[in-house]
Amino acid sequence: MISFLKASEIFQSIESISSRNEMTVILAEAVRVLDEKDIQVFSYLVQGRVAPMFIPAEYNLSEKGLINALSNVYGNEVSVLRKKEGDLGSAVEKLVDHKTKGLSLIGVYEALWTVVNSQGSGSVDIKAQIFLNTVKQMSPLEARYFTRIIVGSLRLGCSTRTLLDAFSMFLVGDKSKRDVMDKAYGSCADIGYIASLVKEDNPLKHLEEVVPIPGIPILSRLVERVKSFDEVKDRFPSTFMVQPKYDGLRCQIHKIGDSQKSLSERIWFGRQTAPSHIDMFGGVQVPKVKLFTRNLEDITDMFPEVVESAINMGGDSFILDSEVVGWNAKEKKFLSYQDTMTRRRKYGIEERQQNIPVNAFAFDVMYLDGKEILNRKTGERFENLEKLFEKGESSIQLSPVYITNEVEELRELFKEYIGMGLEGVIVKDVDGGYSPGARDFEWIKIKKSIDNNLVDTVDLVVLGYYLGSGKRSKFGIGAILGGVYNPDSETYESVTKIGTGITDEQWGTIKGRLDTIVVKEKPKNVAIEGIMKPDVFVSPEVVITVDADEVSVNRKSESVARGLSLRFPRLIEFDRDKNPEDATTIDELLLMKK
DNA sequence: GCTGCCTGCCC
DNA sequence: ATTCTGC
DNA sequence: GCAGAATGGGCAGGCAGC
């Protein structure tokens with residue numbers, strides 16, 4: 001049983017290097033030294049969690065809450081240090097000076113669980129007390145990583161995939177068994193469980209036997225983005241598969257067969273600490289259908305029409321991949337992402353079902369009638385999927401598929417789908433398998449935003465900036481606040497923050513320029529939505545060009561810039577040679593909204 | 001009982 | 001989600 | 001090209017405070 005100090009020292013040595021090969025060696029050595037329980041807990045903590053993604057175990061306490069708690073003890077110094085360090089963990093490390101025996105790794109894990117488990121009235125204070133009491137027993141280095149785990153940003157420079165490399169390194173001395181690790185972890189996304197197998201006798205045999213079980217989510221396959229049709233042709237010289245890209249919510253549909261045995265054979269250490277209501281492995285009664293998001297959150301209760309359709313359709317047991325999208329039956333139109341997302345709720349589902357009915361568009365099948373079919377070719381898996389569908393009403397629809405080798409046909413399909421209000425196309429290698437968790441160019445997306453006629457480019461006025469976190473803190477800036485011009489009132493109104501599209505080199509230039517026009521308070525001709533208040537205000541005179549996928553409207557706050565904002569904003573050019581009055585106006589922005 | 005803040009999770 | 005960066 | 005770490009808007013829900 002190792003100490004949390006020892007674990008913290010491992011974290012520290014990893015953090016201090018940038019070579020992932022070196023990190024892998026360090027982690028492999030940790031795997032060798034730690035016993036089975038410790039390595040399970042260690043693995044969860046590297047993910048910043050106490051349990052797998054599909055177990056609802058959240059701290060519900062993060063930076064603001066921790067600062068609040070700490071300020072009661074250490075005063076304003078906390079905020080000051082946080083801003084300076086760009087990291088609350090490093091700030092806490094500097095504040096505490098405890099020469100203690102420290103805690104065991106398991107002890108810290110238990111403390112994190114008590115944070116997770118405290119809920120209800122008064123829980124904010126209780127969580128804060130648990131945090132403070134735990135930190136009190138820690139050395140500065142331990143406090144640094146304990147804090148970072150709760151904040152959800154360990155900043156080690158490595159995560160799950162490096163751990164999988166390390167497991168391989170521990171087992172065979174190199175990364176060659178990474179494919180086995182990927183398959184095992186992809187089929188059961190519980191890093192603690194995988195870590196425990198690594199420490200068993202005959203580990204590779206156990207790992208190779210890990211297969212998907214309906215009821216336990218598998219990792220979703222992800223897509224890479226491509227910016228031209230020609231790039232598709234380069235990557236797929238012969239045939240490829242084309243499917244529409246829906247703008248909704250990824251949904252893995254599990255139908256659990258009658259004959260299936262209990263899910264409880266998969267043991268994870270945290271079970272002993274988890275309250276029974278979140279222990280899905282306890283398996284009191286195995287449900288017929290379960291639904292999971294892309295990140296494996298259980299959303300079964302949110303879409304009863306999908307659950308019912310899964311029960312009624314063909315197949316004794318299966319795992320399907322799908323996209324859930326709201327549907328306006330009257331106008332035969334897909335609903336916007338924003339509208340669809342209102343279905344992602346815990347209460348009032350039946351009422352919302354009336355206004356926002358959804359369809360799940362199934363595009364893949366990874367498990368069918370008792371067998372995993374991950375390694376079957378994508379084209380063949382789709383043929384299996386088609387067979388599950390019969391004519392008739394259903395909230396699960398088959399997503400159309402075209403197999404072609406013509407880029408011209410791809411263009412036509414793209415146009416057609418955009419016309420239908422969809423987001424673009426997904427293109428796949430027909431002969432590849434379903435590699436859980438992979439994000440590579442076997443599956444690619446082309447979004448409508450590649451088309452210059454459709455993309456929304458705007459000129460905004462810089463109204464202020466924000467101090468950055470992590471690696472941005474050394475620049476003293478992490479994001480910029482942009483606004484539109486309102487010629488009627490001659491004011492500048494905040495629209496969006498921009499924090500991406502900027503190179504490390506640019507940050508220096510940007511900060512230098514903005515610091516020449518810093519103002520102490522918000523200028524009178526500037527209106528800012530409360531939540532967007534920047535750390536530093538500047539005089540509204542620098543114009544920037546910002547790209548975005550679309551113009552959105554926030555229904556909750558329409559007081560500033562009519563609630564207009566941008567979806568996926570990124571900086572294209574800083575400091576255009578332009579007067580602020582020539583920036584995009586609020587009316588122009590409104591016209592750009594589709 | 002209402003509102004604002006915070007958190008987590010979708011994209 | 002998008003984008004940048006070290007390996 | 002992979003993996004990781006910066007960052008975006010906006011939705012629901014939980015809790016504290018009034």
Side-chain angles (χ1 to χ4, degrees), chain A residues 17-23 53 56 58-68 86 119-127 150-165 178 222 224-225 246-251 293-297 299 302 323-324 336-348 352 423 438-441 445 447 449 466 468-473 475 477-482 495-507 529-532 546-557 563-572:
Chain A
I17 55 179
S18 54
S19 159
R20 284 189 43 255
N21 280 338
E22 285 178 49
M23 292 176 192
M53 290 296 293
E58 276 72 50
Y59 308 118
N60 285 310
L61 169 71
S62 195
E63 197 156 278
K64 295 275 170 61
L66 290 180
I67 289 175
N68 216 333
Q119 287 168 359
S121 183
S123 63
V124 169
D125 281 345
I126 293 171
K127 283 173 195 279
I150 294 178
V151 172
S153 155
L154 212 37
R155 293 188 231 267
L156 299 180
C158 76
S159 191
T160 311
R161 287 155 200 275
T162 311
L163 260 183
L164 295 176
D165 275 340
R178 174 61 192 275
L222 306 175
E224 276 287 358
R225 187 170 37 119
Y246 301 94
D247 193 9
L249 184 66
R250 189 81 174 265
C251 181
T293 66
R294 186 183 107 161
N295 292 322
L296 317 184
E297 197 200 352
I299 48 167
M302 298 177 193
E323 186 87 2
V324 164
S336 68
Y337 172 72
Q338 265 172 280
D339 284 335
T340 300
M341 281 299 281
T342 65
R343 280 294 305 272
R344 196 179 173 286
R345 54 169 52 238
K346 197 169 163 185
Y347 309 105
R352 196 60 62 105
E423 228 192 344
R439 185 198 292 275
D440 57 32
F441 287 91
K445 64 179 166 185
K447 294 181 68 169
S449 49
Y466 306 85
S469 306
K471 62 183 177 184
R472 292 269 170 95
S473 58
F475 304 123
I477 180 171
I480 303 166
L481 178 63
V495 154
T496 185
K497 297 193 271 187
I498 307 103
T500 192
I502 301 141
T503 63
D504 286 1
E505 203 187 340
Q506 271 181 298
W507 281 118
E529 220 284 300
I531 205 166
M532 298 188 125
V546 175
D547 204 356
D549 276 19
E550 58 192 14
V551 177
S552 60
V553 188
N554 183 327
R555 295 178 181 79
K556 276 177 193 151
S557 56
L564 293 172
S565 193
L566 300 178
R567 191 181 188 194
F568 312 142
R570 54 264 193 187
L571 187 74
I572 299 301

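Lettering follows sequence order; numbering is per chain, from 1. Only heavy atoms go into these numbers, but all of them, side chains included; no hydrogens, no water, no symmetry mates. Quick caveat: nothing in here was measured; it's all calculated off a predicted structure.
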- Take A:Glu297 and A:Met53 through the test side-chain contact (heavy atoms from CB on, under 4.5 Å) and record every step on the way to the result. CA-CA 7 Å; A:Glu297 197 200 352; A:Met53 290 296 293; over 6 Å; no
Looking at every strand, decide which applies to [X] at a 4.0 Å heavy-atom threshold: base, sugar-phosphate, or nothing.
{"X": "A:Ile531", "value": "nothing"}
{"X": "A:Gly152", "value": "nothing"}
{"X": "A:Gly530", "value": "nothing"}
{"X": "A:Leu566", "value": "sugar-phosphate"}
{"X": "A:Asn295", "value": "sugar-phosphate"}
{"X": "A:Thr340", "value": "nothing"}
{"X": "A:Val546", "value": "nothing"}
{"X": "A:Met53", "value": "nothing"}
{"X": "A:Lys127", "value": "nothing"}

- First and last nucleotide of DNA chain C, 5' to 3', lying under 4.0 Å from heavy atoms of chain A: C:dA1 to C:dC7
Calculate the interatomic distance between [X] atom [atom1] and [N] atom [atom2]; express it in whole Å.
{"X": "A:Leu222", "N": "B:dC10", "atom1": "CG", "atom2": "C1'", "result": "14 Å"}
{"X": "A:Arg343", "N": "B:dC9", "atom1": "CZ", "atom2": "P", "result": "20 Å"}
{"X": "A:Asp549", "N": "B:dC11", "atom1": "CG", "atom2": "C1'", "result": "10 Å"}
{"X": "A:Lys556", "N": "B:dC5", "atom1": "NZ", "atom2": "P", "result": "13 Å"}
{"X": "A:Asn68", "N": "B:dG4", "atom1": "CG", "atom2": "P", "result": "19 Å"}
{"X": "A:Ile67", "N": "B:dC5", "atom1": "CD1", "atom2": "P", "result": "16 Å"}
{"X": "A:Asp125", "N": "B:dC6", "atom1": "CG", "atom2": "P", "result": "15 Å"}
{"X": "A:Lys64", "N": "B:dG8", "atom1": "NZ", "atom2": "C1'", "result": "14 Å"}

- Task: With DNA chain C as reference, determine whether A:Asn21 or A:Gln506 sits nearer its 5' end, using the nearest nucleotide of each.
- Result: A:Gln506
- Task: Name the residue closer to the 5' end of DNA chain C, choosing between A:Arg439 and A:Asp504 according to the nucleotide with the nearest heavy atom.
- Result: A:Arg439
- Item | DNA chain D: 5'-most and 3'-most nucleotides touching chain A, 4.0 angstrom heavy-atom criterion | D:dG1 to D:dA16
Is the closest side-chain heavy-atom distance between [X] and [Y] below 4.5 Å?
{"X": "A:Glu63", "Y": "A:Ser153", "value": "no"}
{"X": "A:Arg567", "Y": "A:Tyr337", "value": "yes"}
{"X": "A:Pro569", "Y": "A:Val546", "value": "yes"}
{"X": "A:Met302", "Y": "A:Leu249", "value": "no"}
{"X": "A:Arg155", "Y": "A:Lys471", "value": "no"}

- Task: Measure across A:Ile480 and A:Trp507 and return the closest heavy-atom pair with its distance rounded to 0.1 Å.
- Result: CG1-CZ3, 4.4 Å
- Note on the structure: In short, A:Cys251 meets A:Ile299 closest at the heavy-atom pair SG-CD1, 4.3 Å
- Query: With rounding to whole Å, what would you report as the distance between C:dA1 and B:dG8 at their C1' atoms?
  - Reply: 16 Å
- Query: Below 4.0 angstrom, N of the basic side chain to O of the carboxylate: do A:Asp339 and A:Arg352 qualify?
  - Reply: no
- Query: Of A:Thr160 and A:Ser552, whose closest DNA chain D nucleotide lies nearer the 5' terminus?
  - Reply: A:Thr160
- Query: If you pin A:Arg155 and A:Lys346 to their nearest nucleotides in DNA chain D, which one's is more 5'?
  - Reply: A:Arg155
- side-chain contact (heavy atoms from CB on, under 4.5 Å) between A:Leu571 and A:Thr500, intermediate numbers included: CA-CA 6 Å; A:Leu571 187 74; A:Thr500 192; over 6 Å; no
- Message: Please evaluate residues A:Leu222 and A:Arg294 with respect to the criterion side-chain contact (heavy atoms from CB on, under 4.5 Å), reporting the C-alpha separation (whole Å), side-chain torsions for both, the decisive distance (0.1 Å), and the verdict.
- Response: CA-CA 9 Å; A:Leu222 306 175; A:Arg294 186 183 107 161; 3.7 Å; yes
